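As structure tokens, the structure follows; a few thoughts come after it.
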Amino acid sequence: MRLADHFTRSGDLLFRWRGYLPLSMLPLFAIGLLDARLPQPVPASVRLLQVLAVAVALAGLAVRVLAIGTAAEGTSERSTVNPRASRLRTTGLYSLVRHPLYAGNTITAVGLAAFTTRWYLPLIVLLLGLLYHERIAAREEAFLEERFGDEFRAWAERVPAMIPVPARFQASDVPFGWRRPLGSEFHGLMTIASVVFALDLFRAWIATGGVVFDPLWTWFFVLSAAIFLACTVLKKTTGVFRQRG
């Protein structure tokens, strides 16, 4: 089997589970916390590093929100079975990188890894994230090339896969709309808050042998859970998140 065919075939499987990268890396994060052996309560310098790490994770989510918020109808769909696209997106974030959603996922995973304060863990997660999304991207690009032909090849020739080139930015031809990202990305916020909350509980258990709730991360989890529940109810009972126009 050609290497390109292997990438495409393995990408089919990973495509179905592409939203679970941070959760699949939880065991690796736990190992980082075991190595760190952070005290209870954490020192102010460590707390600052944790806050910055969560900010990086949220920045990855913000990349996804911006990409989805400027998506035209028929693009950036959340199918977990097969890629679908009614048009090729080449402006906005897609003029910087071909896969901004996967870049956002990787940034989020790196931020969560940095929450352990182990310097080597974000590097490992970055490499794993790139390898993970490389397979999925190969699957999607095979579909896009078949679907859009020369238009896709010209775009792929000038736009890198994951590393942005700011000088090539072109403003999105679709104005930002809040409905679609708010209706889909509240899952991402809940994932970040849940992982951080679980990691901090594990850190406290390592330090004390008991269950200790850190006020900051507990409230972050509670607020994220409230947003998640509210958005879930609204999505199931109303049409408020449906894109209009």
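Computed from a predicted model, the values in this text were never measured in an experiment. Each residue takes its place number in the sequence, starting with 1.
Under the 4.5 Å side-chain heavy-atom criterion for grouping Ile, Leu, Val, Met, Phe, Trp and Tyr, L26 is connected to L34 within one hydrophobic cluster. V54 and L61 fall within the same hydrophobic cluster, where Ile, Leu, Val, Met, Phe, Trp and Tyr residues are linked whenever their side-chain heavy atoms come under 4.5 Å apart, directly or through other members. If you chain together hydrophobic residues whose side chains sit under 4.5 Å apart, L33 and Y120 fall into the same group. Put simply, I163 and Y132 are part of two different groups of oily side chains (I, L, V, M, F, W, Y) that touch within less than 4.5 Å, one to the next. Residue V56 is not grouped with residue L49 when hydrophobic side chains (ILVMFWY) are merged at heavy-atom distances under 4.5 angstrom, including chains of intermediate members.
The aromatic rings of W178 and F241 stand perpendicular to each other, their planes meeting at an angle above 60°, with 30° marking the opposite boundary. Ring geometry for W155 against Y94 counts as tilted: the plane angle lies between 30° and 60°, on a 0 to 90° scale.
At distances below 3.5 Å, at least one donor-acceptor pair connects side-chain atoms of T91 with backbone N or O atoms of D173. A donor-acceptor contact shorter than 3.5 Å is absent between the side chain of S172 and the backbone of G92. In this structure a side-chain-to-backbone donor-acceptor pair under 3.5 Å is present from T116 to A113. Side-chain N or O atoms of R168 include none that pairs as donor or acceptor with a backbone N or O of V165 at under 3.5 Å.
The closest side-chain heavy-atom distance from S95 to R158 is not below 4.5 Å. Looking at D200 and V212, their side chains never come closer than 4.5 Å, going by heavy atoms from C-beta outward.
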Test side chain to side chain contact (heavy atoms under 4.5 Å, CB included) on R179 and V240; report intermediate values, then the result. CA-CA 7 Å; R179 296 176 184 274; V240 68; 4.0 Å; yes

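The minimum heavy-atom distance linking G32 with R118 is given by the pair O-CG, 3.2 Å.
Under the 6.0 Å cut-off for aromatic ring centres, F115 and W217 qualify, their centroids lying closer than that.
Contact check on E140 versus R98 returns no salt bridge, with no Lys/Arg side-chain nitrogen under 4.0 Å from an Asp/Glu carboxylate oxygen.
Looking only at atom types and distance, the side chain of R89 has a donor-acceptor partner in the side chain of T70 under 3.5 Å away.
When the options L52, L38, V42 are evaluated for a side chain to side chain contact (heavy atoms under 4.5 Å, CB included) with R47, the one that passes is V42.
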